[in-house]
Student: 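So that we are looking at the same thing, I have put the structure below in structure tokens.
Both counts, for ligands and for their atoms, begin at 1 and track the order of listing.
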Amino acid sequence: MLRIDAAEIVVARLPLRFRFETSFGVQTEKRIPLLVLHGDGLQGVAEGAMEPAPMFREETVAGALSLLRDVFLPRVLGRTFANPEALEAALGTFRGNRMARAMVEMAAWDLWGRRLGVPLGTLLGGTKTEVEVGVSLGIQPDEAATVETVRRHVEQGYRRIKLKIKPGWDVQPVRAVREAFPDIRLTVDANSAYTLADASRLRALDAYNLTYIEQPLAWDDLVDHAELGRRLQTPLCLDESIATAADARKGLALGAAQVINIKVARVGGHAEARRVHDVAASFGAPVWCGGMLESGVGRAHNIHLSTLPNFRLPGDTSSASRYWDRDLIREPLEAVDGVMPVPAGAGTGVTLDREYLAEVAETHEELRP
Ligand code: OSB
Ligand code: MG
């Protein structure tokens, strides 16, 4: 049984090792909410993927903390569940706020894995012991800097390069990178910066053999993506638009996407992520695991999820040392030649660096039933 005795909420602030520019703006640091669930003398840990401002989706750090304290944790503290799916169901009456709910669900999976002595990936039905990864590169000042950054990551062996694009910075970087690297697996991510009126601009990308274009249109749209899909040759991949397995089914049925980026937090946790994975498999559509610039806590969850069989394209879960001078966990999560080993051991197989966490924590609270 999965018993939840107490919880901790910690918010850490970490400087990013690179300047990350996307169509949303520029990011240089990360505010990271962590949830620790305690039960039967064990701990399960998860990371919130929401950001301070509702840019990627509607959720925010402040909103998540408030919901965890006042709504979600009171539903689980002091209770015993048959398994993580039962805990997920207990939160299933609430609408939206999937990243906040995912913190509870993901921490429960980690705790459950430790309880059973089984790695999280194995619990979810995954079989891989390592996963292929690529890298998501922010918008660079010019074409030369873009090609140089791509070169560095290609040399490190990353299996796919993703370039962030926005209106006014799309065909130029893609053309420059494709000319320098005719054979790499290359994709772009617009983070919803375009509309159907830009279809001809996006169609120009058909000339560069992209594996897919990620989330070109609105975060809450499927219909316009389907129309865009009819006008392009390059496959479409949805990220922001997919919050549930039902969204995945509708998006794939409409032709709004041929590929899905699964972010476990975005869809509300591992159980829903697995349902999205299964729906995509039933359409013959590959999935890959996205990232939200996570610390080692969220990164380890992503790696375990990626061990499921329909994760057939490289994910965004690149080496932790790219992002942080020092991570919030004790274990290194480093890809070698574009391959990330799955942490061995029960649950996520990683452990909080409590000493460093105390240094970088802005707030730390304990909650009991
Ligand atoms: O759209 O995939 C995205 C980071 C933050 C928010 C949204 C996205 C991203 C990334 C980075 O692309 C992925 C990573 O390196 O973790
Ligand atoms: Mg994306």
Side-chain angles (χ1 to χ4, degrees), residues 14 16-32 47-61 99 102 131-140 149-150 153 156 158-166 170 186-194 210-221 225 235-243 251 257 259-267 276 287-303 305-306 313-324 327-328 333-335 338 340:
L14 283 188
L16 265 176
R17 289 194 60 229
F18 49 80
R19 175 184 182 280
F20 193 59
E21 180 172 346
T22 69
S23 62
F24 298 133
V26 177
Q27 198 170 351
T28 56
E29 62 163 21
K30 190 94 204 274
R31 226 171 136 220
I32 302 175
E47 170 170 353
M50 67 296 291
E51 287 158 349
M55 301 289 287
F56 174 77
R57 280 197 59 104
E58 76 285 10
E59 294 189 71
T60 60
V61 173
M99 292 182 179
V131 301
E132 273 199 305
V133 293
V135 74
S136 171
L137 300 176
I139 292 169
Q140 304 296 312
T149 308
V150 169
H153 291 93
Q156 289 168 28
Y158 282 109
R159 302 291 169 100
R160 179 269 278 140
I161 300 291
K162 154 169 148 186
L163 302 176
K164 292 289 186 178
I165 59 167
K166 63 179 180 181
D170 39 41
L186 185 62
T187 72
V188 294
D189 186 358
N191 288 115
S192 301
Y194 295 84
L210 301 178
T211 308
Y212 50 79
I213 299 173
E214 182 176 343
Q215 195 69 41
L217 309 182
W219 68 282
D220 54 354
D221 168 76
H225 277 104
L236 296 179
C237 170
L238 290 176
D239 175 358
E240 282 92 321
S241 294
I242 304 299
V259 177
I260 291 178
N261 165 341
I262 298 185
K263 287 177 180 165
V264 51
R266 193 194 66 224
V267 301
V276 174
V287 303
W288 56 278
C289 184
M292 296 290 285
L293 311 176
E294 286 96 342
S295 81
V297 173
R299 194 167 302 276
H301 278 277
N302 292 344
I303 295 167
L305 178 68
S306 307
L313 291 169
D316 271 347
T317 307
S318 52
S319 296
S321 62
R322 281 189 64 233
Y323 303 79
W324 323 112
D327 201 347
L328 299 180
L333 293 177
E334 298 299 296
M340 178 69 79

Student: Any nitrogen or oxygen of Lys164, main chain or side chain, under 3.5 Å from a nitrogen or oxygen of ligand 1?
Tutor: yes

Student: Under 4.0 Å, heavy-atom basis, I'd like to know which part of Asp239 is in contact with ligand 1: side chain, backbone, both or neither.
Tutor: side chain

Student: Just need the protein heavy atom nearest to atom 1 (O) of ligand 1, so name the residue and atom and give the distance.
Tutor: Asn191 ND2, 2.7 Å

Student: Is a side-chain donor-acceptor pair under 3.5 Å present for Asn191 with Glu240?
Tutor: yes

Student: May I ask which of Gly134, Ser136, Ala49 has a heavy atom nearer to atom 11 (C) of ligand 1 than the others do?
Tutor: Ser136

Student: By atom name, which N, O or S atom of Glu214 is the nearest to the Mg ion (ligand 2)?
Tutor: OE2

Student: Please report whether ligand 1 has a polar contact with Arg299, defined as an N or O pair separated by less than 3.5 Å (distance criterion only).
Tutor: no

Student: Which is closest to atom 9 (C) of ligand 1 in terms of heavy atoms, Gly290, Ser23, Gly291, Gly298?
Tutor: Gly291

Student: For Asp189, what is the atom name of its N, O or S atom nearest to the Mg ion (ligand 2)?
Tutor: OD2

Student: To which protein heavy atom is atom 14 (C) of ligand 1 closest, and what is the distance rounded to 0.1 Å?
Tutor: Tyr323 OH, 3.4 Å

Student: How are the rings of Phe24 and Phe56 set relative to one another: parallel (under 30°), tilted (30 to 60°) or perpendicular (over 60°)?
Tutor: perpendicular

Student: Yes or no on side-chain hydrogen bond (donor to acceptor under 3.5 Å, both in side chains) for Tyr323 and Ser318, after CA distance, side-chain angles and deciding distance?
Tutor: CA-CA 9 Å; Tyr323 303 79; Ser318 52; 2.8 Å; yes

Student: Can we say Glu21 and Lys166 salt-bridge, meaning some charged N sits less than 4.0 Å from an Asp/Glu carboxylate O?
Tutor: yes

Student: Under 4.0 Å between a side-chain nitrogen and a carboxylate oxygen: does that hold for Asp220 and Arg57?
Tutor: no

Student: Taking NZ, NE, NH1 and NH2 as the nitrogens, is one of them in Arg266 or Asp239 under 4.0 Å from a carboxylate oxygen of the other?
Tutor: yes

Student: Should one rank Lys30, Arg266, Met292 by closest heavy-atom distance to atom 6 (C) of ligand 1, which comes out on top?
Tutor: Met292

Student: Nearest non-hydrogen atom to atom 8 (C) of ligand 1 belongs to which of Arg322, Lys263, Gln27?
Tutor: Lys263

Student: Using distance alone, determine whether Phe20 and ligand 1 share an N or O pair under 3.5 Å.
Tutor: no

Student: Answer yes if the side chains of Thr187 and Glu214 hold a donor-acceptor pair under 3.5 Å, and no otherwise.
Tutor: no

